[in-house]
Amino acid sequence: MAETYDTLWNLMKTWKRVDRPALSFENPDGAPLTLSYNDLYEKVCAAAGATRHTATPLPFPCIKTPENIIDLLANLLAGNDLLMLDEKGDNPGVILDPVPDLTPAAPGTTFAEGVPEGHTLFFTSGTTSKSKAVILSTRALLAACKNGQTLAPCHEGDTILAILPLSHVFGFICSFLWGLTYGACIALGRSIREIFLDPGYFKPTIISAVPAMIDVFIRGKCLNPELRLVILGAAPAKPAIMQALTDMGVEAHLGYGLTETASGIALHTDDPDPLAFTPCPGASFTIEEDGEISVVTDSCMDGYLGADSSDVLKNGRLYTGDFGFLDEQGRLHVTGRKKDVIVLPNGTKIFLPEYESELMAVLQYEDIAVKEADSHIILFVGGPLPDGLSTESVSAAVDSFNLRKPRDQQIGNIVYLDNALPRTATGKVMRYMLHAAL
Amino acid sequence: MALTRDEVKSRTIKLIHDYVPQLENAQLDDDSVVNKDMGVDSMNFILVICKLEGEFNVKIPQEEWDTYRTLGDLIDAVMKYSKD
């Protein structure tokens with residue numbers, strides 16, 4: 001059973017006098033350099049003692065170096081709230097005016113044992129709406145680490161390659177804090193230029209990644225033979241990716257979770273359904289009357305920064321916005337996003353991922369999405385069209401598709417885009433941006 | 001011996017066919033779009049540039065990667081930086 005740490009300070013006390021490498025990072029002259037757990041402990045304590053508490057969240061830039069990590073941990077210990085920004089330092093569309101004060105401690109307080117720790121604020125991906133800053137306590141982040149450790153443990157001999165942005169909660173937990181909590185070494189990925197060389201350089205035993213990313217690593221033959229475990233998240237994984245990893249002798253798991261739950265709260269283990277997940281011990285799922293998945297979990301957010309969360313967080317229960325069901329074995333099956341459903345005027349529900357898969361098969365083309373406008377279903381086709389596909393052939397295929405559907409479920413209009421559909425970094429279509437094309 | 005443009009082109013097309021699933025059977029010419037505007041995943045595009053760097057032993061400045069859109073842009077980059 002994984003140990004539980006409720007505070008960062010309690011976790012860090014276990015690092016004292018441990019000589020094992022905690023961080024591995026680039027050495028321009030050759031083999032990677034390392035920093036031991038004890039050295040990290042000493043440096044964070046020294047930095048925290050010199051860090052002043054501030055009343056408002058500190059914008060925190062990307063985490064790339066050991067110095068960034070020391071700064072981050074020191075600020076949390078000093079009780080500061082950190083607003084995680086991406087590499088460019090962008091605040092992705094969130095208006096923080098006024099910025100709420102999350103902690104009552106007086107400005108100017110410096111770190112001392114027992115002082116309440118700060119919160120870490122992560123932005124949601126903005127797949128279905130504008131992104132929001134999610135407030136996560138250190139307790140919630142450490143609970144997420146424990147949850148993952150119970151189903152797919154890492155060990156003291158492991159090296160976890162951190163190539164995901166640590167400003168996103170999936171990367172922060174699954175390629176950083178989880179490893180440090182259970183004694184692994186975190187290899188800090190170098191720049192994007194070296195991303196495909198990093199596995200050979202750091203020789204990781206674990207990589208956490210989004211499926212599209214690991215697919216490219218596999219195709220480019222960039223994975224190292226020491227790799228034993230891949231944790232995937234943020235998007236569904238094609239069975240071919242899971243199979244390719246299995247064929248390489250690598251254990252692969254897809255996680256289910258949200259930024260609001262500090263990353264994974266369920267993990268795909270050995271079910272033939274790729275979207276069937278074993279709930280983590282700290283997560284209790286319920287299927288609501290309309291089919292929405294709700295969860296009570298010790299890794300749940302405190303709320304959104306500067307935005308109302310009362311519609312998704314009620315009495316400690318988080319409403320995920322996903323549809324699904326629990327099978328007889330208690331496994332969670334995720335069937336889709338609530339916002340990916342069109343409700344027609346007659347009450348018929350059209351589940352977009354299913355509908356779009358059917359269309360993709362008919363069109364033999366994947367860069368499509370549908371959306372409802374003025375009670376009609378509109379098909380958006382990303383461009384430019386590949387060889388063998390034309391507007392005429394698309395129209396003909398849609399006509400034959402429509403013949404198989406009741407009138408109210410037929411495609412009413414086709415919109416051709418000059419460029420590919422707008423997608424998030426994980427490949428999800430940003431449906432709310434499609435309106436601009438109408 | 002200096003690389004010819006035709007040689008760079010044929011080897012670049014082979015790399016794209018090998019590493020970009022969306023374009024594995026595509027007829028490619030200088031003005032063929034090979035980046036995200038063609039639905040090519042950004043990681044895939046980066047892989048192609050990294051493989052090009054290895055194939056031709058060149059270093060293409062990272063700040064220019066976003067400006068490449070067509071096969072011709074990639075060939076020009078290899079030709080330009082293989083001369084430096």
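Only a predicted model underlies this, so the values are computations on that prediction, with no experimental measurement involved. Throughout, protein chains are lettered first and strands after them, A, B, ... in sequence-line order, and every chain is numbered starting at 1. Hydrogens, waters and symmetry mates play no part in the numbers below; they use all other heavy atoms, side chains included.
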When you look at Tyr19(B) and Lys221(A), which way does the side-chain contact (heavy atoms from CB on, under 4.5 Å) test go after all the steps?
CA-CA 10 Å; Tyr19(B) 294 114; Lys221(A) 300 181 174 60; 5.6 Å; no
side-chain contact (heavy atoms from CB on, under 4.5 Å) for Arg219(A) and Val20(B)? Distances and angles first, verdict last.
CA-CA 9 Å; Arg219(A) 187 169 310 112; Val20(B) 183; over 6 Å; no
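Listed by sequence position, Trp65(B), Arg69(B) are the residues of residues 64-77 of chain B in contact with chain A, using a 4.5 angstrom heavy-atom cutoff.
The CE atom of Met213(A) lies 8.5 Å from the OG atom of Ser42(B); values are rounded to the nearest 0.5 Å. Going from atom CD of Glu53(B) over to atom CZ of Phe196(A) covers 11.5 Å, rounded to the nearest 0.5 Å. Distance check, rounded to the nearest 0.5 Å: CE of Met43(B) to CD1 of Ile163(A) gives 6.5 Å. The structure places CD1 of Ile195(A) at 8.5 Å from SG of Cys50(B), a figure rounded to the nearest 0.5 Å.
Residue Asn57(B) places its CG atom among 12 or fewer non-hydrogen atoms of other residues, nucleotides or ligands, all under 6.0 Å distant.
The parts of Ile192(A) that come within reach of chain B are both its backbone and its side chain, each placing non-hydrogen atoms under 4.5 angstrom from that chain. At a 4.5 Å heavy-atom cutoff, Asn25(B) makes no contact with chain A through either its backbone or its side chain.
Applying the ring pair (Phe, Tyr, Trp, His ring centres under 6.0 Å) test to Tyr355(A) and every residue at least two apart in sequence or in another chain returns Phe401(A).
Closest non-hydrogen pair, Cys222(A) versus Leu47(B), comes out as SG-CD1, 4.2 Å.
When atom types are taken as modelled, the side chain of Arg193(A) and the backbone of Ile60(B) share a donor-acceptor pair closer than 3.5 angstrom.
Most heavy-atom pairs under 4.5 Å with chain B, from the set Asp387(A), Asn419(A), Leu421(A): that is Asn419(A).
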